[in-house]
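Scroll down for the structure; my scribbles are underneath it.
Letters A, B, ... are given to chains in the order of the sequence lines, protein chains preceding strands, and every chain is numbered from 1. None of the values given here were measured: they were computed from a predicted structure.
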2 protein chains.
Amino acid sequence: MNIGAAAERSNLPAKTIRYYEEIALVTPTRAANGYRDYSDKDVHRLRFLQRSRSLGFTIDECRALLSLYDNEQRASADVKAVALEKIGEVERKIAELQAMKKVLKRLAESCHGDARPDCPILDDLAGADPLA
Amino acid sequence: MNIGAAAERSNLPAKTIRYYEEIALVTPTRAANGYRDYSDKDVHRLRFLQRSRSLGFTIDECRALLSLYDNEQRASADVKAVALEKIGEVERKIAELQAMKKVLKRLAESCHGDARPDCPILDDLAGADPLA
DNA sequence: GTGAACCATCCAGCTACGGGAAGGTCAAGC
DNA sequence: GCTTGACCTTCCCGTAGCTGGATGGTTCAC
């Protein structure tokens with residue numbers, strides 16, 4: 001099948017699929033006219049990538065996961081370790097964002113938000129001493 | 001003061017400070033020897049940038065905030081609007097990460113994680129139909 | 001046969017810097 | 001006066017993961 005159909009079935013833009021080929025993640029055959037020809041297996045890999053990426057795995061991690069997927073001798077513990085590591089990363093990122101949100105909310109609440117120029121938000125941004 | 005001292009006082013790497021000059025955020029004068037010479041006001045702007053960036057504002061948003069900071073006719077409502085919009089973004093990002101985390105946890109918990117190859121995590125990644 | 005919809009390659013750009021090379025400057029110590 | 005080391009300068013490349021656009025070939029329906 002052509003790239004357009006593969007895009008539709010994997011829910012990935014054609015541009016992205018070509019990029020994945022460039023970095024050797026999915027390598028379809030070529031038809032006589034030069035068009036990429038995707039097998040069902042290729043589409044499977046594309047879906048795998050779409051799903052993994054949407055769960056926050058980097059391209060390199062997706063590569064590792066695909067390699068585990070291809071390896072019938074894999075230990076499920078190896079896959080689980082990758083997932084657990086990612087959970088940790090996601091949790092750290094959430095914590096970081098929550099800290100930011102907390103400060104932003106405090107600042108926003110302290111600002112009367114009218115036509116006057118005085119603003120505690122700007123005061124904070126300008127005045128915070130990073131070494132304090 | 002030289003860039004090293006400015007870096008220390010703003011808690012920003014010298015590389016970043018040069019970059020900020022390149023994109024016209026902070027433009028120090030030059031000493032006779034060609035070295036950048038930062039005034040206290042420059043350092044103030046650098047700190048402002050450091051703080052804003054750490055709260056999640058993009059460079060363009062920082063530029064807008066600095067412009068409000070410079071404008072004595074500003075309305076604090078404009079600053080507050082920027083902050084509220086950012087809070088919304090941060091909240092959306094947190095929600096997205098929490099959704100990812102939820103799925104990852106479910107997958108990790110479903111995987112026995114031993115030496116055997118069968119793995120519900122890979123099954124999910126491979127089998128999820130993005131159009132379903 | 002012709003126009004739209006598809007496909008191809010290649011090049012450039014995005015964010016927000018960081019690394020590293022090649023070389024100029026300055027202050028301390030001998 | 002000379003060296004040494006810590007600074008400073010510019011310049012160019014690389015990162016992640018694509019996306020947009022230019023230019024041109026292919027296919028299919030009408």
Side-chain angles (χ1 to χ4, degrees), chain A residues 1-39 42-43 45-46 48-66 86 89-90 93 96-97 100 130, chain B residues 1-39 42-43 45-66 86 89-90 93 96 100 130:
Chain A
M1 98 192 58
N2 284 348
I3 198 170
E8 201 173 339
R9 295 201 199 183
S10 62
N11 204 26
L12 284 171
K15 276 273 189 187
T16 299
I17 297 180
R18 290 198 194 94
Y19 173 67
Y20 287 170
E21 180 177 356
E22 193 185 323
I23 61 176
L25 280 177
V26 176
T27 53
T29 56
R30 294 289 178 135
N33 57 10
Y35 286 16
R36 290 170 178 83
D37 186 18
Y38 293 88
S39 68
D42 290 330
V43 171
R45 290 176 77 85
L46 288 173
F48 188 105
L49 287 165
Q50 193 279 337
R51 176 80 166 151
S52 317
R53 290 287 296 125
S54 78
L55 287 176
F57 292 104
T58 67
I59 291 287
D60 271 356
E61 286 160 351
C62 290
R63 203 186 293 277
L65 286 170
L66 269 179
K86 182 55 62 181
E89 279 174 42
V90 169
K93 188 74 189 161
E96 188 187 333
L97 288 170
M100 282 168 34
Chain B
M1 100 194 54
N2 284 348
I3 197 169
E8 201 173 338
R9 295 200 198 184
S10 61
N11 204 26
L12 285 171
K15 275 274 188 186
T16 299
I17 298 179
R18 290 198 194 95
Y19 173 67
Y20 288 171
E21 180 177 356
E22 192 185 323
I23 60 175
L25 281 177
V26 176
T27 52
T29 57
R30 294 290 178 133
N33 58 11
Y35 287 15
R36 290 169 177 81
D37 186 18
Y38 293 89
S39 68
D42 290 330
V43 171
R45 290 176 77 85
L46 289 172
R47 283 190 189 175
F48 188 105
L49 287 165
Q50 193 279 336
R51 176 79 166 152
S52 317
R53 290 286 297 126
S54 77
L55 288 176
F57 292 103
T58 66
I59 291 287
D60 271 355
E61 286 160 352
C62 290
R63 201 185 295 277
L65 286 170
L66 268 180
K86 181 55 63 180
E89 278 174 42
V90 169
K93 188 73 189 164
E96 189 188 331
M100 282 168 34

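Taking only side-chain atoms of Arg30(B), from C-beta outward, the nucleotide of dG17(D), dT10(D), dC8(D) with the closest atom is dT10(D).
Backbone-only engagement by Ile3(B) is indicated by non-hydrogen atom pairs under 4.0 Å involving sugar-phosphate atoms exclusively. Arg18(B) comes within contact range of at least one nucleobase, with a heavy-atom separation under 4.0 Å.
Between Asp42(B) and Thr27(B), the shortest heavy-atom distance links the atoms OD1-O, 4.5 Å. The shortest heavy-atom contact between Leu97(A) and Lys93(B) is CD1-CG, 3.4 Å.
Side-chain nitrogen and oxygen atoms of Arg36(B) include none within less than 4.0 Å of the OP1 or OP2 phosphate oxygen of dC8(D).
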**Request:** Show your reasoning for whether salt bridge (charged side-chain N to carboxylate O under 4.0 Å, His left out) applies to Glu21(B) and Arg45(B).
**Result:** CA-CA 11 Å; Glu21(B) 180 177 356; Arg45(B) 290 176 77 85; over 6 Å; no
**Request:** For the pair Glu89(B) and Lys86(B), evaluate salt bridge (charged side-chain N to carboxylate O under 4.0 Å, His left out) and give the outcome as yes or no after the intermediate values.
**Result:** CA-CA 5 Å; Glu89(B) 278 174 42; Lys86(B) 181 55 63 180; 2.8 Å; yes
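On the nucleic acid side, DNA chain C contacts chain B at distances under 4.0 Å to non-hydrogen atoms, with the end points of that region at dA16(C) to dC26(C).
The separation between Tyr35(A) atom OH and dC28(D) atom C1' is 10 Å, rounded to whole Å. Atom CZ in Arg53(A) sits about 9 Å away from atom C1' in dC18(D), given to the nearest Å. Rounded to whole Å, atom P of dT10(D) lies 11 Å from atom CG of Asn33(B). Residue Ile59(A) contributes atom CD1, which lies 5 Å from atom P of dG17(D) at whole-angstrom precision. Atom-to-atom, CG of Asp60(A) to P of dA16(D) comes out at 7 Å; the value is rounded to the nearest Å. Between Leu46(A) atom CG and dC18(D) atom C1' the separation is 15 Å, expressed in whole Å. One atom, CD of Glu21(A), and another, P of dC18(D), lie 15 Å apart when rounded to the nearest Å. One can place CD1 of Ile23(A) at 9 Å from C1' of dC18(D), the figure rounded to the nearest angstrom.
Although no hydrogens or angles enter the test, the distance criterion places a donor-acceptor pair under 3.5 Å between the side chain of Arg53(A) and the main chain of Phe57(A). Here the side chain of Glu61(A) pairs a donor or acceptor atom with the backbone of Thr58(A) at under 3.5 angstrom. Remark: the backbone N or O of Gly4(A) is not paired with any side-chain donor or acceptor of Asn2(A) at under 3.5 angstrom. For Ser10(B) (side chain) and Ala6(B) (main-chain N/O), a donor-acceptor pair under 3.5 Å exists by modelled atom type.
For Tyr20(A) against dG17(D), a side-chain-to-base donor-acceptor contact under 3.5 Å is absent.
Separation of atoms CD1 (Ile23(A)) and CD1 (Ile59(A)) is listed at 4.5 Å; rounding is to 0.5 Å.
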Can you give me the N/O atom pairs linking the protein to nucleotides 19-21 of chain D at distances under 3.5 Å, or say none if there are none?
residue, atom, partner, partner atom, Å
dT19(D), OP2, Thr16(A), OG1, 2.8
dG20(D), N7, Lys15(A), NZ, 3.1
dG20(D), O6, Lys15(A), NZ, 2.9
dG21(D), O6, Lys15(A), NZ, 2.3

